[in-house]
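Computed over heavy atoms, backbone and side chain alike; hydrogens, waters and symmetry mates excluded. Each ligand, and each atom within it, is numbered from 1 in the order the structure gives.
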Amino acid sequence: MRLCRFDDDRLGLVRGDEVIDVSAVAAKLPAQRWPLPLGDQLIANLDRLRPEIERAAHGKTGKKLSQVKLLSPVANPSKIIGAPVNYLKHMEESKVDPGISQGREVVSIESYGLFLKSASALVGPSQGCALRFADRRNDHEVELAVVIGKKCTDVPADRALDMVAGYAIGLDMTVRGKEDRSLRKSVDSYAVLGPWLVTADEIEDPDNLDLKISVGGEMRQNSNTRMMIFGTRKLIEYATRFYTLYPGDIIMTGTPEGVSPVEAGDVMHAEIEGIGAMDVAVRAH
Ligand code: MN
(Lines give C-alpha, C1' and ligand atoms only; values in the text may rest on other atoms or scores of the structure.)
Protein backbone atom coordinates (compact mmCIF):
# COMPACT_ATOMS: atom_id res chain seq x y z
CA MET A 1 0.00 0.00 0.00
CA ARG A 2 1.19 3.49 -0.87
CA LEU A 3 -0.07 6.28 1.35
CA CYS A 4 0.45 9.98 0.92
CA ARG A 5 -0.55 13.23 2.56
CA PHE A 6 -1.53 15.78 -0.04
CA ASP A 7 -2.96 19.26 -0.62
CA ASP A 8 -4.48 20.55 2.65
CA ASP A 9 -3.56 17.51 4.79
CA ARG A 10 -5.69 15.03 2.85
CA LEU A 11 -4.87 11.33 3.30
CA GLY A 12 -4.38 9.63 -0.05
CA LEU A 13 -4.07 6.09 -1.33
CA VAL A 14 -1.72 6.07 -4.32
CA ARG A 15 -2.68 3.76 -7.16
CA GLY A 16 -0.75 3.99 -10.40
CA ASP A 17 -0.61 7.68 -11.26
CA GLU A 18 -3.66 8.57 -9.18
CA VAL A 19 -4.34 9.61 -5.59
CA ILE A 20 -7.63 8.48 -4.07
CA ASP A 21 -8.81 10.65 -1.19
CA VAL A 22 -9.36 8.47 1.89
CA SER A 23 -9.32 11.28 4.44
CA ALA A 24 -12.56 10.03 5.97
CA VAL A 25 -10.57 7.14 7.46
CA ALA A 26 -8.09 9.47 9.16
CA ALA A 27 -11.00 11.39 10.62
CA LYS A 28 -11.89 8.24 12.60
CA LEU A 29 -8.71 8.40 14.64
CA PRO A 30 -9.44 8.88 18.34
CA ALA A 31 -9.81 12.50 19.43
CA GLN A 32 -6.74 13.65 21.32
CA ARG A 33 -6.44 15.64 24.46
CA TRP A 34 -3.42 17.03 26.25
CA PRO A 35 -0.90 15.60 26.82
CA LEU A 36 -0.75 14.17 23.30
CA PRO A 37 0.94 10.80 22.85
CA LEU A 38 4.36 10.88 21.20
CA GLY A 39 4.44 9.78 17.61
CA ASP A 40 2.24 9.85 14.54
CA GLN A 41 -1.22 8.52 15.32
CA LEU A 42 -2.05 7.58 11.74
CA ILE A 43 1.06 5.38 11.59
CA ALA A 44 0.35 4.03 15.11
CA ASN A 45 -3.09 2.86 13.95
CA LEU A 46 -2.14 1.86 10.43
CA ASP A 47 -2.58 -1.90 10.78
CA ARG A 48 -6.15 -1.38 11.99
CA LEU A 49 -6.94 1.30 9.39
CA ARG A 50 -5.60 -0.50 6.32
CA PRO A 51 -8.76 -2.49 5.58
CA GLU A 52 -10.81 0.67 6.04
CA ILE A 53 -8.56 2.54 3.64
CA GLU A 54 -9.04 -0.23 1.07
CA ARG A 55 -12.81 -0.06 1.52
CA ALA A 56 -12.89 3.74 1.31
CA ALA A 57 -10.97 3.64 -1.97
CA HIS A 58 -12.96 0.82 -3.52
CA GLY A 59 -14.42 1.77 -6.89
CA LYS A 60 -13.27 5.38 -6.63
CA THR A 61 -11.21 7.30 -9.10
CA GLY A 62 -8.73 9.84 -7.89
CA LYS A 63 -6.82 12.91 -8.84
CA LYS A 64 -3.73 12.68 -11.00
CA LEU A 65 -0.60 12.65 -8.85
CA SER A 66 0.78 15.42 -11.04
CA GLN A 67 -2.08 17.69 -9.92
CA VAL A 68 -1.66 17.40 -6.17
CA LYS A 69 0.82 18.84 -3.70
CA LEU A 70 2.60 16.05 -1.88
CA LEU A 71 3.42 16.71 1.78
CA SER A 72 5.52 14.52 4.07
CA PRO A 73 3.68 11.19 4.42
CA VAL A 74 4.55 11.26 8.14
CA ALA A 75 2.99 14.27 9.85
CA ASN A 76 4.17 13.96 13.46
CA PRO A 77 7.39 12.03 14.06
CA SER A 78 8.74 12.27 17.58
CA LYS A 79 12.22 12.30 16.08
CA ILE A 80 14.17 12.03 12.86
CA ILE A 81 17.29 9.94 13.26
CA GLY A 82 20.32 10.31 11.02
CA ALA A 83 23.01 7.76 10.23
CA PRO A 84 26.30 9.58 9.61
CA VAL A 85 28.93 8.11 7.29
CA ASN A 86 27.11 4.84 6.66
CA TYR A 87 28.59 4.18 3.20
CA LEU A 88 32.36 3.51 2.81
CA LYS A 89 32.70 5.48 -0.41
CA HIS A 90 31.01 8.48 1.20
CA MET A 91 33.50 8.19 4.05
CA GLU A 92 36.34 8.21 1.50
CA GLU A 93 35.03 11.27 -0.32
CA SER A 94 34.49 13.07 2.99
CA LYS A 95 38.13 12.47 3.93
CA VAL A 96 39.50 14.00 0.74
CA ASP A 97 37.01 16.88 0.35
CA PRO A 98 37.53 19.61 2.96
CA GLY A 99 34.22 21.11 1.79
CA ILE A 100 32.53 18.13 3.43
CA SER A 101 34.84 17.40 6.37
CA GLN A 102 35.52 21.06 7.30
CA GLY A 103 38.83 19.88 8.74
CA ARG A 104 37.27 17.39 11.12
CA GLU A 105 38.44 13.82 11.39
CA VAL A 106 36.13 11.53 9.39
CA VAL A 107 35.30 8.15 10.88
CA SER A 108 32.45 5.74 10.20
CA ILE A 109 29.09 5.26 11.87
CA GLU A 110 30.64 2.65 14.16
CA SER A 111 32.40 5.50 15.98
CA TYR A 112 29.93 8.33 15.41
CA GLY A 113 26.75 6.51 16.35
CA LEU A 114 23.59 8.35 15.32
CA PHE A 115 22.39 11.95 15.40
CA LEU A 116 19.00 13.68 15.45
CA LYS A 117 17.46 16.08 12.98
CA SER A 118 14.75 18.37 14.25
CA ALA A 119 11.21 17.18 13.50
CA SER A 120 10.43 20.78 12.53
CA ALA A 121 12.76 20.41 9.53
CA LEU A 122 10.39 17.93 7.90
CA VAL A 123 8.68 18.80 4.60
CA GLY A 124 7.23 16.97 1.62
CA PRO A 125 8.46 17.19 -1.95
CA SER A 126 5.96 19.87 -3.03
CA GLN A 127 7.24 22.25 -0.36
CA GLY A 128 10.80 22.17 -1.65
CA CYS A 129 13.96 23.04 0.19
CA ALA A 130 14.53 26.66 1.20
CA LEU A 131 18.27 27.27 1.47
CA ARG A 132 19.67 29.34 4.28
CA PHE A 133 23.31 30.43 4.42
CA ALA A 134 23.55 30.90 0.67
CA ASP A 135 27.21 31.84 1.13
CA ARG A 136 27.94 28.34 2.40
CA ARG A 137 27.84 24.95 0.76
CA ASN A 138 24.44 23.24 0.96
CA ASP A 139 24.42 19.57 -0.06
CA HIS A 140 21.85 16.97 -1.03
CA GLU A 141 22.05 13.54 0.58
CA VAL A 142 19.65 10.94 -0.82
CA GLU A 143 18.83 8.22 1.71
CA LEU A 144 16.46 5.36 2.29
CA ALA A 145 14.05 6.53 5.01
CA VAL A 146 12.67 3.89 7.36
CA VAL A 147 9.39 4.76 9.11
CA ILE A 148 8.87 3.01 12.43
CA GLY A 149 5.43 1.49 13.03
CA LYS A 150 5.46 0.48 16.69
CA LYS A 151 6.70 1.81 19.99
CA CYS A 152 9.78 -0.29 20.67
CA THR A 153 13.05 -0.42 22.55
CA ASP A 154 15.92 -2.91 22.88
CA VAL A 155 15.02 -4.53 19.56
CA PRO A 156 17.37 -7.29 18.37
CA ALA A 157 18.38 -7.11 14.72
CA ASP A 158 16.54 -10.30 13.81
CA ARG A 159 13.21 -8.74 14.88
CA ALA A 160 13.94 -5.21 13.70
CA LEU A 161 11.98 -5.26 10.45
CA ASP A 162 8.83 -6.21 12.41
CA MET A 163 8.95 -2.67 13.82
CA VAL A 164 8.87 -1.01 10.40
CA ALA A 165 5.66 0.54 9.03
CA GLY A 166 7.18 1.37 5.66
CA TYR A 167 9.72 3.21 3.60
CA ALA A 168 10.10 6.48 1.74
CA ILE A 169 12.77 8.55 0.06
CA GLY A 170 14.59 10.85 2.45
CA LEU A 171 16.72 13.87 1.62
CA ASP A 172 19.06 14.69 4.49
CA MET A 173 19.87 18.23 3.38
CA THR A 174 22.96 19.70 5.00
CA VAL A 175 24.62 23.07 5.31
CA ARG A 176 28.36 22.56 5.67
CA GLY A 177 30.26 24.34 8.39
CA LYS A 178 31.88 24.07 11.77
CA GLU A 179 28.73 23.67 13.85
CA ASP A 180 27.46 20.38 15.19
CA ARG A 181 25.91 18.11 12.57
CA SER A 182 22.56 18.06 14.32
CA LEU A 183 22.19 21.84 14.00
CA ARG A 184 23.34 22.02 10.38
CA LYS A 185 20.90 19.29 9.33
CA SER A 186 17.93 20.69 11.26
CA VAL A 187 17.34 23.85 9.23
CA ASP A 188 13.65 24.25 8.29
CA SER A 189 12.92 22.15 5.16
CA TYR A 190 16.25 20.26 5.38
CA ALA A 191 14.46 16.94 5.95
CA VAL A 192 12.47 16.03 2.85
CA LEU A 193 10.32 12.89 2.96
CA GLY A 194 8.29 11.54 0.08
CA PRO A 195 6.78 11.02 -2.30
CA TRP A 196 4.67 8.64 -0.19
CA LEU A 197 4.97 5.85 2.35
CA VAL A 198 5.33 2.37 0.85
CA THR A 199 4.22 -0.13 3.46
CA ALA A 200 6.81 -2.67 4.59
CA ASP A 201 5.06 -5.64 2.96
CA GLU A 202 5.95 -4.21 -0.47
CA ILE A 203 9.71 -4.09 0.18
CA GLU A 204 11.24 -7.53 0.38
CA ASP A 205 14.71 -6.37 1.43
CA PRO A 206 15.38 -2.74 2.38
CA ASP A 207 19.08 -3.52 2.25
CA ASN A 208 19.10 -4.13 -1.48
CA LEU A 209 17.51 -1.13 -3.17
CA ASP A 210 18.97 1.11 -5.87
CA LEU A 211 18.90 4.76 -4.88
CA LYS A 212 19.91 7.81 -6.85
CA ILE A 213 19.56 11.53 -7.22
CA SER A 214 20.17 13.89 -10.11
CA VAL A 215 20.22 17.67 -10.10
CA GLY A 216 19.18 19.49 -13.25
CA GLY A 217 19.37 16.19 -15.13
CA GLU A 218 22.95 15.47 -14.01
CA MET A 219 23.41 12.26 -11.98
CA ARG A 220 25.04 13.01 -8.64
CA GLN A 221 24.53 9.93 -6.45
CA ASN A 222 23.77 6.42 -7.71
CA SER A 223 24.23 3.44 -5.41
CA ASN A 224 22.42 0.62 -3.64
CA THR A 225 21.47 0.24 0.03
CA ARG A 226 23.43 -3.03 0.20
CA MET A 227 26.51 -0.75 0.44
CA MET A 228 25.41 0.50 3.85
CA ILE A 229 27.85 -0.22 6.70
CA PHE A 230 24.98 -0.62 9.20
CA GLY A 231 22.01 -2.17 7.40
CA THR A 232 18.42 -1.35 8.31
CA ARG A 233 18.17 -4.07 10.97
CA LYS A 234 21.38 -3.04 12.69
CA LEU A 235 20.37 0.64 12.64
CA ILE A 236 17.14 -0.19 14.48
CA GLU A 237 18.95 -2.42 16.95
CA TYR A 238 21.56 0.26 17.58
CA ALA A 239 19.04 3.10 17.92
CA THR A 240 16.85 1.20 20.36
CA ARG A 241 19.78 0.48 22.66
CA PHE A 242 19.71 4.23 23.35
CA TYR A 243 16.10 5.31 23.01
CA THR A 244 12.55 4.19 22.49
CA LEU A 245 11.25 4.54 18.95
CA TYR A 246 7.66 5.69 18.40
CA PRO A 247 5.29 5.20 15.49
CA GLY A 248 6.24 7.64 12.76
CA ASP A 249 9.85 8.02 13.86
CA ILE A 250 12.03 8.30 10.78
CA ILE A 251 15.49 6.80 10.34
CA MET A 252 17.43 8.36 7.48
CA THR A 253 19.84 5.52 6.84
CA GLY A 254 22.81 7.41 5.44
CA THR A 255 23.95 8.60 2.07
CA PRO A 256 26.23 7.09 -0.59
CA GLU A 257 29.08 8.88 -2.34
CA GLY A 258 28.39 11.81 -4.63
CA VAL A 259 27.05 14.38 -2.19
CA SER A 260 27.37 17.74 -3.83
CA PRO A 261 26.06 21.29 -3.61
CA VAL A 262 22.71 22.62 -4.70
CA GLU A 263 21.68 26.21 -5.32
CA ALA A 264 18.45 28.14 -5.48
CA GLY A 265 16.74 27.33 -8.77
CA ASP A 266 17.92 23.71 -8.89
CA VAL A 267 15.47 20.81 -9.07
CA MET A 268 16.53 17.55 -7.44
CA HIS A 269 15.12 14.29 -8.83
CA ALA A 270 15.44 11.43 -6.33
CA GLU A 271 14.51 7.80 -6.89
CA ILE A 272 14.56 4.61 -4.83
CA GLU A 273 13.76 1.21 -6.27
CA GLY A 274 10.41 -0.13 -5.07
CA ILE A 275 9.36 3.24 -3.67
CA GLY A 276 9.17 5.74 -6.52
CA ALA A 277 10.57 9.10 -7.52
CA MET A 278 10.15 12.72 -6.53
CA ASP A 279 11.17 16.15 -7.72
CA VAL A 280 12.16 18.66 -5.07
CA ALA A 281 12.82 22.28 -5.95
CA VAL A 282 15.51 24.31 -4.23
CA ARG A 283 14.91 27.99 -3.52
CA ALA A 284 16.29 30.73 -1.33
CA HIS A 285 14.86 31.17 2.17
MN1 MN B 1 22.89 11.92 5.82
Side-chain angles (χ1 to χ4, degrees), residues 72 74 77 79-95 97 99-102 104-123 125 129 131-133 136-148 167-194 206-207 209-215 220-232 234-236 238-239 249-262 268 270-272 275 278 280 282:
S72 164
V74 179
K79 51 191 169 298
I80 303 170
I81 298 152
V85 198
N86 198 21
Y87 286 75
L88 279 176
K89 284 186 178 169
H90 174 54
M91 181 165 76
E92 287 162 12
E93 76 179 351
S94 301
K95 283 178 175 171
D97 184 348
I100 298 176
S101 68
Q102 298 286 322
R104 280 182 295 253
E105 186 194 7
V106 177
V107 294
S108 85
I109 187 168
E110 289 148 305
S111 302
Y112 276 130
L114 303 173
F115 66 94
L116 294 177
K117 287 168 77 76
S118 172
S120 57
L122 186 63
V123 293
C129 179
L131 294 187
R132 301 200 192 198
F133 309 101
R136 288 160 62 168
R137 180 170 160 179
N138 284 273
D139 285 355
H140 56 76
E141 295 189 354
V142 66
E143 314 198 355
L144 173 69
V146 177
V147 177
I148 297 298
Y167 303 92
I169 306 172
L171 299 184
D172 174 22
M173 302 300 297
T174 305
V175 57
R176 301 292 170 194
K178 298 283 189 194
E179 302 91 343
D180 189 81
R181 181 185 264 117
S182 168
L183 180 67
R184 293 182 289 99
K185 290 168 171 281
S186 288
V187 179
D188 290 354
S189 81
Y190 278 40
V192 187
L193 191 76
D207 295 342
L209 300 173
D210 290 333
L211 78 170
K212 54 189 169 182
I213 188 168
S214 58
V215 178
R220 298 280 183 90
Q221 294 182 276
N222 186 0
S223 186
N224 185 287
T225 56
R226 70 173 171 269
M227 306 303 287
M228 292 193 292
I229 297 169
F230 280 12
T232 303
K234 190 161 181 184
L235 285 169
I236 292 169
Y238 187 95
D249 279 359
I250 298 158
I251 304 177
M252 293 201 179
T253 56
T255 202
E257 70 279 11
V259 303
S260 56
V262 291
M268 301 178 283
E271 271 184 71
I272 299 185
I275 296 174
M278 64 181 188
V280 179
V282 180

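Remark: I80 CD1 to S186 OG distance equals 7.5 Å, nearest 0.5 Å. One distance of note links CE of M227 with CG of D207; it measures 12.5 Å at 0.5 Å rounding.
The pair D139-R137 meets the salt-bridge criterion, since a charged nitrogen lies less than 4.0 angstrom from a carboxylate oxygen. With respect to E257 and K95, no salt bridge is recorded, no charged nitrogen being found less than 4.0 Å from a carboxylate O.
Nearest N/O/S atom of E141 with respect to the Mn ion (ligand 1) is recorded as OE1. Looking only at its N/O/S atoms, E143 has OE2 as the one nearest to the Mn ion (ligand 1). Looking only at N/O/S atoms, D172 comes nearest to the Mn ion (ligand 1) through OD2.
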